[in-house]
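Presented below is the structure to which this report refers.
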Amino acid sequence: VQLQASGGGLVQAGGSLRLSCAASGSTLSGYAMGWFRQAPGKQRDLVATISSGGSTNYADSVKGRFTISRDNAENTVYLQMNSLKPEDTAVYYCNGPAPKPYALGYPETNWGQGTQVTVSS
């Protein structure tokens, strides 16, 4: 499966962005998906996951501000980011599919190409 991430950009603190991750080559239905991010000089961290049934989990740093969702008909996963902060600045990657959320990020999964999010203060 190929994953194409889009929607990043430059936004002021307090603003919003919506990232999209469109899959081709295979259906995402029945699989977990996730978003990760990597800031300069830092490791890639998990941001949010969504199970095949729609259950979601978030990193503590984004809880209450970010929402992950999926549209199986469109074979797309989204990340709605509100109340953005400068510390949210990073390259955001979608990842999957995986049988369960805990399996996201492992070598057996696929990564999108990344989309840059920059939040100015």
Side-chain angles (χ1 to χ4, degrees):
V1 59
Q2 292 78 45
L3 303 176
Q4 180 73 35
S6 61
L10 173 63
V11 63
Q12 289 188 330
S16 298
L17 284 173
R18 188 194 195 201
L19 306 183
S20 298
C21 176
S24 60
S26 181
T27 181
L28 300 183
S29 179
Y31 295 94
M33 292 292 295
W35 286 95
F36 291 70
R37 67 185 180 186
Q38 187 168 20
K42 296 189 177 182
Q43 67 180 20
R44 190 171 298 186
D45 292 327
L46 180 64
V47 175
T49 66
I50 186 165
S51 72
S52 59
S55 297
T56 58
N57 276 290
Y58 300 92
D60 287 344
S61 58
V62 306
K63 279 182 181 177
R65 300 188 298 121
F66 290 12
T67 302
I68 187 171
S69 62
R70 64 193 300 158
D71 185 334
N72 288 336
E74 294 293 327
N75 222 25
T76 301
V77 177
Y78 302 97
L79 186 67
Q80 178 67 44
M81 305 185 296
N82 299 328
S83 302
L84 283 161
K85 305 175 181 180
E87 50 264 44
D88 295 318
T89 295
V91 179
Y92 284 71
Y93 299 89
C94 58
N95 176 262
K100 297 292 184 183
Y102 62 74
L104 290 166
Y106 282 88
E108 295 78 14
T109 57
N110 297 277
W111 294 94
Q113 85 284 7
T115 184
Q116 176 71 48
V117 172
T118 303
V119 185
S120 63
S121 57

### Task
In sequence, state the C-alpha distance, the side-chain angles, and the governing distance for Asn72 and Glu74, and then conclude on side-chain hydrogen bond (donor to acceptor under 3.5 Å, both in side chains).
CA-CA 5 Å; Asn72 288 336; Glu74 294 293 327; over 6 Å; no
Closest heavy-atom contact between [X] and [Y]?
{"X": "Gly8", "Y": "Val117", "value": "CA-CG2, 4.1 Å"}
{"X": "Ser16", "Y": "Asn82", "value": "OG-OD1, 2.9 Å"}
{"X": "Ala39", "Y": "Ala90", "value": "N-CB, 3.8 Å"}
{"X": "Thr109", "Y": "Pro97", "value": "CG2-O, 3.7 Å"}
{"X": "Tyr31", "Y": "Pro99", "value": "CD2-N, 4.1 Å"}
{"X": "Ser83", "Y": "Asp88", "value": "O-OD2, 4.4 Å"}

Compare all side-chain heavy atoms of [X] with those of [Y] and state whether any distance is below 4.5 angstrom.
{"X": "Met81", "Y": "Arg65", "answer": "no"}
{"X": "Arg37", "Y": "Val62", "answer": "yes"}
{"X": "Leu19", "Y": "Val77", "answer": "no"}
{"X": "Leu3", "Y": "Cys94", "answer": "yes"}
{"X": "Thr76", "Y": "Arg70", "answer": "no"}
{"X": "Phe66", "Y": "Gln80", "answer": "no"}
{"X": "Thr67", "Y": "Tyr58", "answer": "yes"}

Spatial distance of atom [atom1] ([X]) from atom [atom2] ([Y]) [nearest 0.5 Å]:
{"X": "Leu10", "Y": "Thr118", "atom1": "CG", "atom2": "OG1", "answer": "6.0 Å"}
{"X": "Gln12", "Y": "Ser121", "atom1": "CD", "atom2": "OG", "answer": "9.5 Å"}
{"X": "Gln113", "Y": "Cys21", "atom1": "CD", "atom2": "SG", "answer": "8.5 Å"}
{"X": "Ser52", "Y": "Lys100", "atom1": "OG", "atom2": "NZ", "answer": "6.0 Å"}

### Message
Looking at Ser26, is its backbone amide N or carbonyl O close enough to the side chain of Asn75 to form a donor-acceptor pair, meaning the two atoms are under 3.5 Å apart?
### Response
yes
### Query
Asp45 side chain to Gln38 main-chain N or O, any donor-acceptor pair under 3.5 Å?
no
Linked, directly or transitively: [X] and [Y] (ILVMFWY side chains, under 4.5 Å):
{"X": "Leu79", "Y": "Leu17", "result": "yes"}
{"X": "Val11", "Y": "Val47", "result": "yes"}
{"X": "Tyr93", "Y": "Leu104", "result": "yes"}
{"X": "Trp35", "Y": "Val91", "result": "no"}
{"X": "Tyr102", "Y": "Leu28", "result": "no"}

### Message
Aromatic contact between Trp111 and Phe36, with the criterion being ring centroids under 6.0 Å apart: yes or no?
### Response
yes
### Task
Show the numbers, then the answer: is there a side-chain hydrogen bond (donor to acceptor under 3.5 Å, both in side chains) between Thr89 and Glu87?
CA-CA 5 Å; Thr89 295; Glu87 50 264 44; over 6 Å; no
#### Entry: Electrostatic pair Asp60-Lys63, nearest N-O below 4.0 angstrom
yes
